[in-house]
**Student:** 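Here's a structure for you.
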Amino acid sequence: MGKVTILDGTTKNPLEKIGQMAGICWNSPIDDSEKNRKRAVECIKSGHGRVMEYASVEMVLDGYSARCIREWYTHIGGAPTRLQESTRYVNEEHFSFVIPPTVAKSEEAKAAYILAMTNIQNGYKALLAAGVPKEDCAMILPLGMTTKIVDKRNMRNLVDMSRQRLCTRAYWEYRALMRDVLNALSAYSEEWKWVVENCMHPKCDDLGYCPEKKSCGRHEKKEA
């Protein structure tokens, strides 16, 4: 599966950062780290989401399908910034690809899937050999091929994304990507671990009921 790498540009102590920003807003002293963290927790628990925008995450998402990353791109709140591996300059004749679990469990389906991907690889090579530039050969590349992006966004955006993408009804690969991001953040610092454990979960955990048309059973649907 894919891999998430948290970069050094990520706010190491997001709670302390948030507390400092809130303290400035409230004209309070900001030289005490513990008081800053306490202030941050109070802001988060009170639903003051704007302060979370001061904690940023920079990361590399590598080995996830182009389809999954396309969905990742759609979550635009908080003005995220992204750079994706270029199919214009990178030779993709040996591209790797994601095999969905529903395909992998059947040898017949798996063989058909791999054959389809191999045919695309061979077609890409044939186009290159015919003198077609890589940027045009890329037109036949599948959504299932893996890609790499450098992603930057703030904590508030990630918290909101987790509420949507940890839901059981979200696409399986996106849920896996979201869990990989949270695991990487938890390992990055103790403060991020607190944020992940206390803020990043399916939306039904906050609501206390399932707002979806069909419930997975984690929480019952709200009575009309």
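The first residue in the sequence is number 1, and the count goes up from there. As a basis for the values below, the full set of heavy atoms in this structure was taken, side chains included, without hydrogen atoms, waters or symmetry mates.
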**Student:** Is I18 reachable from I30 through a run of hydrophobic residues whose side-chain heavy atoms are each under 4.5 Å from the next?
**Tutor:**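 Different clusters: I30 never reaches I18 through Ile, Leu, Val, Met, Phe, Trp or Tyr contacts under 4.5 Å.
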
**Student:** Can R163 and D205 be counted as an ion pair, charged N to O under 4.0 angstrom?
**Tutor:**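 Between D205 and R163 there is no salt bridge, as every charged N stays at least 4.0 Å from the carboxylate O atoms.
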
**Student:** Looking at CG of L15 and NZ of K38, how far apart are the two atoms once the value is rounded to the nearest 0.5 Å?
**Tutor:**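 Between L15 CG and K38 NZ, I get 14.0 Å after rounding to 0.5 Å.
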
**Student:** Mark yes or no: R67 above the aromatic ring of Y174, with NZ or CZ under 6.0 Å from the six-membered ring centre and no more than 45 degrees from the axis.
**Tutor:**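 Here R67 fails the 6.0 Å and 45° test against Y174.
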
**Student:** Please check this pair: side chain of S162 against backbone of V159, looking for a donor-acceptor N/O pair closer than 3.5 Å.
**Tutor:**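 Answer holds: yes.
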
**Student:** Give the minimum heavy-atom separation between I120 and I140, together with the two atoms involved.
**Tutor:**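 Shortest heavy-atom contact: CG2-O, 3.4 Å.
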
**Student:** Could you pull out the closest heavy-atom pair between S56 and G9, with the gap in Å?
**Tutor:**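 Reported closest heavy-atom pair: OG-O, 4.0 Å.
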
**Student:** Heavy-atom count around E220 CD within 6.0 Å, excluding the residue itself: above 12?
**Tutor:**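 For E220, atom CD is not crowded (no more than 12 foreign heavy atoms under 6.0 Å).
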
**Student:** Could you state the interatomic distance from CD1 (I6) to CD (E58), rounded to the nearest 0.5 Å?
**Tutor:**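 Rounded to the nearest 0.5 Å, the CD1-CD separation comes to 10.0 Å.
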
**Student:** Shortest non-hydrogen contact from F95 to L141?
**Tutor:**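 Closest pair (atom of F95, atom of L141, distance): CD2-CD2, 3.8 Å.
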
**Student:** What closest approach, in Å, do H219 and G208 show between heavy atoms, and which atom pair accounts for it?
**Tutor:**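 So the minimum-distance heavy-atom pair works out to ND1-O, 3.9 Å.
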
**Student:** Any link between L166 and L177 through a network of hydrophobic side chains (Ile, Leu, Val, Met, Phe, Trp, Tyr) touching at under 4.5 Å?
**Tutor:**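 As far as the 4.5 Å side-chain criterion goes, L177 and L166 are connected within one cluster.
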
**Student:** Should we say atom OH of Y54 is surrounded by more than 12 heavy atoms from elsewhere, each under 6.0 Å from it?
**Tutor:**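 No, OH of Y54 has 12 or fewer neighbouring heavy atoms, counting only those of other groups under 6.0 Å.
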
**Student:** Tell me, with the steps shown, if K17 and E191 meet salt bridge (Lys or Arg N to Asp or Glu O under 4.0 Å).
**Tutor:** CA-CA 10 Å; K17 177 73 170 183; E191 289 194 14; over 6 Å; no

**Student:** Got a second to check how far W192's CH2 is from C199's SG, nearest 0.5 Å?
**Tutor:**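 If I round to the nearest 0.5 Å, the distance is 9.5 Å.
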
**Student:** As an exercise, state the distance from OH of Y64 to NZ of K3, rounded to the nearest 0.5 Å.
**Tutor:**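 Taking OH in Y64 and NZ in K3, the distance rounds to 10.0 Å.
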
**Student:** CD1/I44 to NE2/H48 distance, rounded to the nearest 0.5 angstrom?
**Tutor:**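 The CD1 atom of I44 sits 11.0 Å away from the NE2 atom of H48.
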
**Student:** Please find the pair of heavy atoms, one from V51 and one from A22, that lie closest to each other, and give the distance.
**Tutor:**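 Of all heavy-atom pairs spanning V51 and A22, the closest is CG1-CB, 4.3 Å.
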
**Student:** Any luck finding a side-chain donor-acceptor pair between S33 and E16 under 3.5 Å?
**Tutor:**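 Yes - a donor-acceptor pair under 3.5 Å links their side chains.
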
**Student:** I'd like to know if the side chain of S106 reaches the main chain of V103, judged simply by a donor and an acceptor atom lying under 3.5 Å from each other, with no hydrogens or angles considered.
**Tutor:**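 No, the answer is negative, given that no donor and acceptor are paired below the 3.5 Å cut-off.
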
**Student:** Can you find a heavy atom in the side chain of W26 that is under 4.5 Å from one in the side chain of R39?
**Tutor:**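 Yes, their side chains come closer than 4.5 Å.
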
**Student:** Is there a side-chain contact between P202 and R218, using heavy atoms and a 4.5 Å cut-off?
**Tutor:**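 A side-chain contact under 4.5 Å exists here.
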
**Student:** Any side-chain heavy-atom pair from R156 and R50 closer than 4.5 angstrom?
**Tutor:**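 Touching, per the 4.5 Å side-chain cut-off.
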
**Student:** For a 4.5 angstrom cut-off between non-hydrogen side-chain atoms, does R165 reach E71?
**Tutor:**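 The answer is yes, as the side chains (C-beta and beyond) meet within the 4.5 Å cut-off.
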
**Student:** Same hydrophobic cluster for M59 and M155, using side-chain heavy-atom links shorter than 4.5 Å among ILVMFWY?
**Tutor:**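 M59 and M155: one cluster.
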
**Student:** Could you verify whether a donor N or O on one side chain and an acceptor N or O on the other, from W72 and D151, lie under 3.5 Å apart?
**Tutor:**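 A donor-acceptor contact under 3.5 Å links the two side chains.
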
**Student:** I would like to know whether E34 and R37 meet salt bridge (Lys or Arg N to Asp or Glu O under 4.0 Å); could you show each step before the answer?
**Tutor:** CA-CA 5 Å; E34 189 55 41; R37 284 189 285 269; 3.2 Å; yes

**Student:** Can the positive tip of K221 be found less than 6.0 Å from the middle of the six-membered ring of Y209, inside 45° of the ring normal?
**Tutor:**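 No, K221 and Y209 do not form such a contact.
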
**Student:** Are any of the side-chain heavy atoms of L128 and N91 separated by less than 4.5 Å?
**Tutor:**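 In contact.
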
**Student:** Do M178 and W172 sit in the same hydrophobic cluster, where Ile, Leu, Val, Met, Phe, Trp and Tyr count as joined when their side-chain heavy atoms come under 4.5 Å apart?
**Tutor:**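 Yes: a chain of side-chain contacts under 4.5 Å links M178 to W172.
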
**Student:** When you measure from the side chain of Y113 to the backbone of E108, do you find a donor-acceptor pair of N or O atoms at a distance under 3.5 Å?
**Tutor:**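 Such a contact is absent between Y113 side chain and E108 backbone.
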
**Student:** Measuring from C137:SG to E92:CD, what's the distance to the nearest 0.5 Å?
**Tutor:**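 Taking SG in C137 and CD in E92, the distance rounds to 11.0 Å.
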
**Student:** Assigning hydrophobic clusters by single linkage (Ile, Leu, Val, Met, Phe, Trp, Tyr; side-chain heavy-atom cutoff under 4.5 Å), is V181 placed with W194?
**Tutor:**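 In one cluster with V181: W194, yes.
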
**Student:** Give every residue pair that meets the side-chain hydrogen bond (donor to acceptor under 3.5 Å, both in side chains) criterion with at least one member in residues 123-149, sequence neighbours excluded.
**Tutor:**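 Pairs touching residues 123-149 that pass the test: Q84-T147, R88-E135, S96-T146.
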
**Student:** For C167, check side-chain contact (heavy atoms from CB on, under 4.5 Å) against everything at least two apart and list the hits.
**Tutor:**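 Testing C167 for side-chain contact (heavy atoms from CB on, under 4.5 Å), a comparison that skips the adjacent residues, returns R169, K203, E212.
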
**Student:** For the residue pair I149 and E85, establish whether any side-chain heavy-atom pair is separated by less than 4.5 Å.
**Tutor:**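 A side-chain contact under 4.5 Å is absent here.
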
**Student:** Compare all side-chain heavy atoms of N154 with those of N157 and state whether any distance is below 4.5 angstrom.
**Tutor:**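 They are in contact (side-chain heavy atoms under 4.5 Å apart), so the answer is yes.
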
**Student:** I'd like to check K35 versus P29 (side-chain heavy atoms, cut-off strictly below 4.5 Å). Are they in contact?
**Tutor:**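 Counting from C-beta outward, K35 and P29 never come under 4.5 Å.
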
**Student:** Where do V57 and L185 land on the side chain to side chain contact (heavy atoms under 4.5 Å, CB included) test, with the steps shown first?
**Tutor:** CA-CA 9 Å; V57 177; L185 283 172; 4.0 Å; yes

**Student:** Compare every heavy atom of A40 with every heavy atom of G19, then report the nearest pair and how far apart it is.
**Tutor:**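 Closest heavy-atom pair between G19 and A40: N-CB, 3.7 Å.
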
